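Within every chain, numbering begins at 1; the chains are lettered A, B, ... in the order of the sequence lines, protein sequences first and strands thereafter. Owing to the predicted nature of the structure, the values given are computational and were not obtained by experimental measurement.
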2 protein chains.
Amino acid sequence: MKSISSPTIGSDESKCLHCAIRDSALFAGLEELGFRHIHQPIETVILAPRAFLYRAQERRDTLFTLRSGAMKLVQYLPDGSQRIVRLLRDSDALGLETLVRQPYQHDAIALTDCDICAIPADVIDELGREQPRIYQALMARWQQALNEADAWLTQFTTGTARQRVARLLLRLACPASDHRLRLFGREDMAAMVGLTTETVSRTIAELRRQGLLRDQDAHLQNCDQETLRRIADGEE
Amino acid sequence: MKSISSPTIGSDESKCLHCAIRDSALFAGLEELGFRHIHQPIETVILAPRAFLYRAQERRDTLFTLRSGAMKLVQYLPDGSQRIVRLLRDSDALGLETLVRQPYQHDAIALTDCDICAIPADVIDELGREQPRIYQALMARWQQALNEADAWLTQFTTGTARQRVARLLLRLACPASDHRLRLFGREDMAAMVGLTTETVSRTIAELRRQGLLRDQDAHLQNCDQETLRRIADGEE
DNA sequence: CGATATTTTGAACTCGATCAATTGTGGTGG
DNA sequence: CCACCACAATTGATCGAGTTCAAAATATCG
């Protein structure tokens, strides 16, 4: 158990407006209604790495949008081992389950500094009554989560260690379309691909030796996406 | 590639009414509106084992409810190997993605004889306009699928072969709360837990030797759920 | 700069994969 | 009804990728 850096909470409309622009799918309705008609506060949460946004089984009736940063959703097994079930990034939604009155299903933990938008479930309900078409957007979010979950399963539970790590690197690289790549701790990476930290370490070391990864900074790398993709698909 | 037994299609209101009772969450709205106000037909589909309900990438704008039987959702990897991503049973929904205008994301294949309810996406849209609270039910379905996907990941991609098979058997046993258990083909079971057919076969053989499974019929078994659960959790 | 945590590397071992051969099970037509 | 065939399940023997346990090297932070 690590100590938890307490989250910074504040209300900040201007940021949420900005959020609304980038994330027009979910907040198109919000813009039209205008924030003044909403009587519950939409808050901003700032998290440091390793901080929890929420924990499994908790009930807080709040829906979140990740404005910037990266988070992991973790599930635990009876034997205590953990498995990372999903990786969330810019403009992904967290805690959708609260909209169907379920407690949170995972621990949500920050991997980097995170800037998060916290929306009370009641606000969404309210909004849904006046603007039913936001349900279309919400369903799209759910489907996105489901696609992610399925992709996660097929990509990170099949094939050799080499393949899985290559796939993970590609996924981590993809947001920055230039070949930069931010790595996470080995333990996290291991929990994502279902391997041990040692195996992940060895595999990455080998990729480096082959010149497919080149250090740029402490946790920043340049990568050869072409050949990584070939490795991911089992050729070579 | 196997030959496909062509699905039997028919329109049958009485069965759908029956369906509405059992599956009140999704069709509560339908009951109120009455079927006569729906201008698109709700059809019944009968599938034999190994038959496809739909294929990945296909677009048919139809949502399905599994009235009885068992189906698998399959995803394929670039190297051609397949992985079963979810198992669907009585009153589960299939093809939700069609409601957000996405093509189907998996191959949906019958494992047993199946009785299926096919609802055009337009009907849901129509319904949503007059009866917005059905969205609550739809979101619940989505969340259910997501919970299933996450559970699938943590249960069937971690632990020893023994544990995984035990967990699978428990899941297959759970609908019939008495200790009966219907097994599927080894190949399917292997694709569910991410092992080879040989390993699954060996593991089941061993469980039988230990008296935790006892044959009753060709594919029917009696099982000792208590000790299976202990194995699943890694004790012993 | 020392102390703790994380990563890397090494060596032995193990579980499940793989390859191959045998047995069992429907299903079909004679 | 049985003989036959194609296919699924079982069993055996071997092999190897990844785990495990342990130690060294490196990074992180007060």
Practice task
Could you tell me which non-hydrogen atom of A/G95 sits nearest to which non-hydrogen atom of A/Y104, and how far apart they are?
Solution key: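 Scanning both residues completely, I find the closest heavy atoms to be CA-CE2, 3.8 Å.
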Exercise for the section: Kindly give the heavy-atom pair with the smallest separation between B/A149 and A/D150, and that separation in Å. Expected result: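 Closest heavy-atom pair between B/A149 and A/D150: CB-OD1, 4.3 Å.
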Taking [atom1] from [X] and [atom2] from [N], how many angstroms apart are they, rounded to a whole number?
X      : N      : atom1 : atom2 : result
A/D188 : C/dA5  : CG    : C1'   : 14 Å
B/M189 : D/dA8  : CE    : C1'   : 14 Å
A/R50  : C/dA5  : CZ    : P     : 11 Å
A/R209 : C/dT8  : CZ    : P     : 10 Å
A/R162 : D/dG16 : CZ    : P     : 18 Å
B/E187 : D/dA9  : CD    : C1'   : 11 Å
A/L195 : D/dA17 : CG    : P     : 14 Å
A/L207 : C/dT8  : CG    : C1'   : 15 Å

Handout entry: Check: C/dT18 base within 3.5 Å donor-acceptor of B/R202 side chain
Key =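 Answer yes: a donor N or O sits under 3.5 Å from an acceptor.
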Problem - Polar side-chain contact B/E198-C/dC19 base: donor and acceptor under 3.5 Å - result: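 Pair found.
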Practice task
Ignoring backbone atoms, test whether A/R208 places a side-chain nitrogen or oxygen under 4.0 Å from the OP1 or OP2 oxygen of C/dT8.
Solution key: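 Yes.
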Exercise for the section: Kindly point out which of D/dT11, D/dG18, D/dA8 is positioned nearest to the side chain of A/T199? Expected result: D/dG18
Handout entry: Nearest-nucleotide pick for A/T196, side chain only, options being D/dT10, C/dG16, D/dT20
Key =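 The listed nucleotide nearest to A/T196's side chain is D/dT20.
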Handout entry: Donor-acceptor contact present, side-chain A/R83 to main-chain B/T154, <3.5 Å
Key = no
Handout entry: Heavy atoms from other residues, nucleotides or ligands near CD of A/E226 exceed 12 (cutoff 6.0 Å)
Key = no
Practice task
Check every strand shown and say whether A/T197 touches a base, only sugar-phosphate, or nothing at a heavy-atom separation below 4.0 Å.
Solution key: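 Nothing: the residue A/T197, judged by heavy atoms under 4.0 Å, touches no strand.
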Practice task
Please round to the nearest 0.5 Å and tell me the distance separating atom CG of B/N222 and atom CG of B/L181.
Solution key: 8.5 Å
